[in-house]
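Encoded as structure tokens, the structure appears first; notes follow it.
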Amino acid sequence: MDIEFKKSFKELTLSKDSLKIIEENGIDLKKIAVGEFSGRDSAAAIIKAFEDEDIDAVLPVLAFTGTDYGEKEIFYRNWNVIDKKIKEMHENKFLLPLHFIFEPKLWNALNGRFIAYTIQKYGYYTPCIGCHAYLRMIRIPLAKHLGKKIISGERILHDKDFKIDQFKETLETYYKICDEFDVELFLPVKDIEKGSEIKEIIGEPWEQGQNQYSCMFSGNYRNLDGKVIFEREKIVKILNEFIYPSSIEILKNGYNNNFNYIETVKKFL
């Protein structure tokens, strides 16, 4: 089922199947966490999150960015893998049906419309930093109707490699965006370095990057040899001066039924 981002500020809209599971099992809405649903790490994070006694159910939400491509059926297969594992581990905990969400104009405002200007102003640009802010923002209003938790599979290290959107300062920024709206960004696998440990949690021989959508901007922040082009000071400046304040303002405006994302973002550039 598709969730409409703009409507999610004022109302909770779930599929009939989800509502039936919630009602029949007497699940407290405050014990339902929103799970980011994408690839292997997010699958492991959802499985790990069920160890929390305050989580009785997870609502898996796949957020589209507009740069994704691949076979949609992949995600239903992934859902089955996670559901099977949860049923093996827990008697009275539930993975709810898969939901989808997409707000292309929001993604464009943060990551597309002002590329040239961002490069001119900061001397650095990658869409991944703002994209991962978008992935949190788009789920925050929904999470507030439930248990005020968003489960994410972000990891600081990936077998000695790292991603530009998953180092300390970026994760802290995403956490602060959620925290501003009384939502916890829950990172159960943040400190797991080895991919082999992620596979152990899932219980499947699932390799990094497999069974998920691909991104048209994949590898955009790497040089010709695949090494990350990393300029910490410039990235932190972009986070503090642009991504964080514009994300907060966009969400606050949403609660006032104002969705003029471009004009909001321009204030912080």
Side-chain angles (χ1 to χ4, degrees), residues 3-6 8-9 36-39 41-42 61-70 100-142 150 152-154 162-167 169-178 180-181 185 209 212-223 228-254 258-269:
I3 295 169
E4 291 187 42
F5 175 66
K6 291 174 183 176
S8 71
F9 284 88
E36 293 185 355
F37 201 82
S38 53
D41 292 350
S42 68
V61 179
L62 176 64
F64 295 108
T65 65
T67 70
D68 325 279
Y69 64 95
F100 302 89
I101 194 166
F102 184 32
E103 185 69 359
K105 289 184 178 179
L106 171 55
W107 196 94
N108 169 260
L110 273 180
N111 310 301
R113 166 62 180 84
F114 300 106
I115 290 175
Y117 186 78
T118 303
I119 293 170
Q120 185 183 65
K121 182 173 180 178
Y122 295 105
Y124 187 91
Y125 175 77
T126 171
C128 300
I129 297 172
C131 182
H132 279 241
Y134 161 89
L135 293 174
R136 267 89 255 194
M137 293 166 65
I138 202 169
R139 293 174 171 98
I140 285 174
L142 175 63
I150 296 173
S152 173
E154 305 279 41
F162 80 102
K163 297 182 178 180
I164 209 79
D165 47 73
Q166 294 182 20
F167 74 99
E169 285 84 353
T170 50
L171 293 184
E172 285 175 353
T173 300
Y174 306 145
Y175 185 90
K176 285 194 303 178
I177 291 169
C178 293
E180 179 71 24
F181 295 90
L185 182 60
Q212 65 184 70
Y213 270 177
S214 298
C215 175
M216 288 186 286
F217 286 110
S218 179
N220 72 88
Y221 50 78
R222 298 180 185 273
N223 67 15
V228 173
I229 300 169
F230 184 61
E231 298 187 50
R232 184 185 295 270
E233 287 184 12
K234 291 178 181 178
I235 294 169
V236 170
K237 199 170 183 183
I238 291 170
L239 287 166
N240 291 339
E241 294 182 6
F242 171 40
I243 298 298
Y244 175 74
S246 59
S247 298
I248 298 300
E249 190 77 4
I250 285 168
L251 287 167
K252 285 181 177 177
N253 286 347
N258 174 0
F259 299 102
N260 194 336
Y261 307 127
I262 292 289
E263 289 305 312
T264 301
V265 166
K266 281 166 69 174
K267 293 178 185 177
F268 301 98
L269 280 172

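Computed from a predicted model, the values in this text were never measured in an experiment.
Taking OG1 of Thr173 as the start and NE2 of His132 as the end, the distance is 13.5 Å to the nearest 0.5 Å. Put simply, OG1 on Thr65 and CG on Leu106 are 11.5 Å apart, with the number rounded to the nearest 0.5 Å. Atom OG1 of Thr126 is separated from atom CZ of Phe230 by 12.0 Å, given to the nearest 0.5 angstrom. We find the CD1-NZ distance between Ile119 and Lys234 to be 11.0 Å, quoted to the nearest 0.5 Å.
Arg136 places no side-chain N or O within donor-acceptor distance of the main-chain N or O of Leu185, the cut-off being under 3.5 Å. Remark: the backbone N or O of Glu233 is not paired with any side-chain donor or acceptor of Tyr124 at under 3.5 angstrom. With hydrogens and angles ignored, the 3.5 Å screen pairs no side-chain donor or acceptor of Asn108 with any backbone N or O of Pro104.
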**OP:** Let me see the working for Ile140 and Phe5 under side chain to side chain contact (heavy atoms under 4.5 Å, CB included), right down to the final yes or no.
**Re:** CA-CA 10 Å; Ile140 285 174; Phe5 175 66; over 6 Å; no
Subject >> Worked verdict on Thr170 versus Glu154 for side chain to side chain contact (heavy atoms under 4.5 Å, CB included) >> reply: CA-CA 10 Å; Thr170 50; Glu154 305 279 41; over 6 Å; no
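A 4.5 Å side-chain heavy-atom check between Arg113 and Val265 finds every atom pair outside the cut-off. At a threshold of 4.5 Å between non-hydrogen side-chain atoms, the residues Cys178 and Ile150 count as touching. Phe102 is not listed as a side-chain neighbour of Leu62, based on a closest heavy-atom distance of 4.5 Å or more.
Applying the ring pair (Phe, Tyr, Trp, His ring centres under 6.0 Å) test to Phe217 and every residue at least two apart in sequence or in another chain returns nothing.
Closest approach of Asn111 and Pro127 over heavy atoms only: OD1-O, 3.5 Å. Counting all heavy atoms, side chain and backbone alike, Cys128 lies closest to Tyr221 at SG-CE2, 3.7 Å. Contact between Asn260 and Asn258 at its shortest, heavy atoms only, is N-OD1, 3.0 Å. Shortest non-hydrogen contact noted between Trp107 and Cys131 is NE1-SG, 3.2 Å.
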Would you tabulate the side-chain donor-acceptor contacts of residues 239-254 under 3.5 Å, counting partners in other chains and residues two or more places apart, or write 'none'?
unit_1 : atom_1 : unit_2 : atom_2 : d
Asn240 : ND2    : Val236 : O      : 3.4
Glu241 : OE1    : Tyr122 : OH     : 3.3
Ser246 : OG     : Phe242 : O      : 2.5
Ser246 : OG     : Ile243 : O      : 3.3
Ser247 : OG     : Ile243 : O      : 2.6
Asn253 : ND2    : Glu249 : O      : 3.4
Asn253 : ND2    : Thr264 : OG1    : 3.1

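The aromatic ring centres of Tyr134 and Tyr261 sit 6.0 Å or more apart.
More than 12 heavy atoms of other shown residues, nucleotides or ligands fall within 6.0 angstrom of atom NZ in Lys121.
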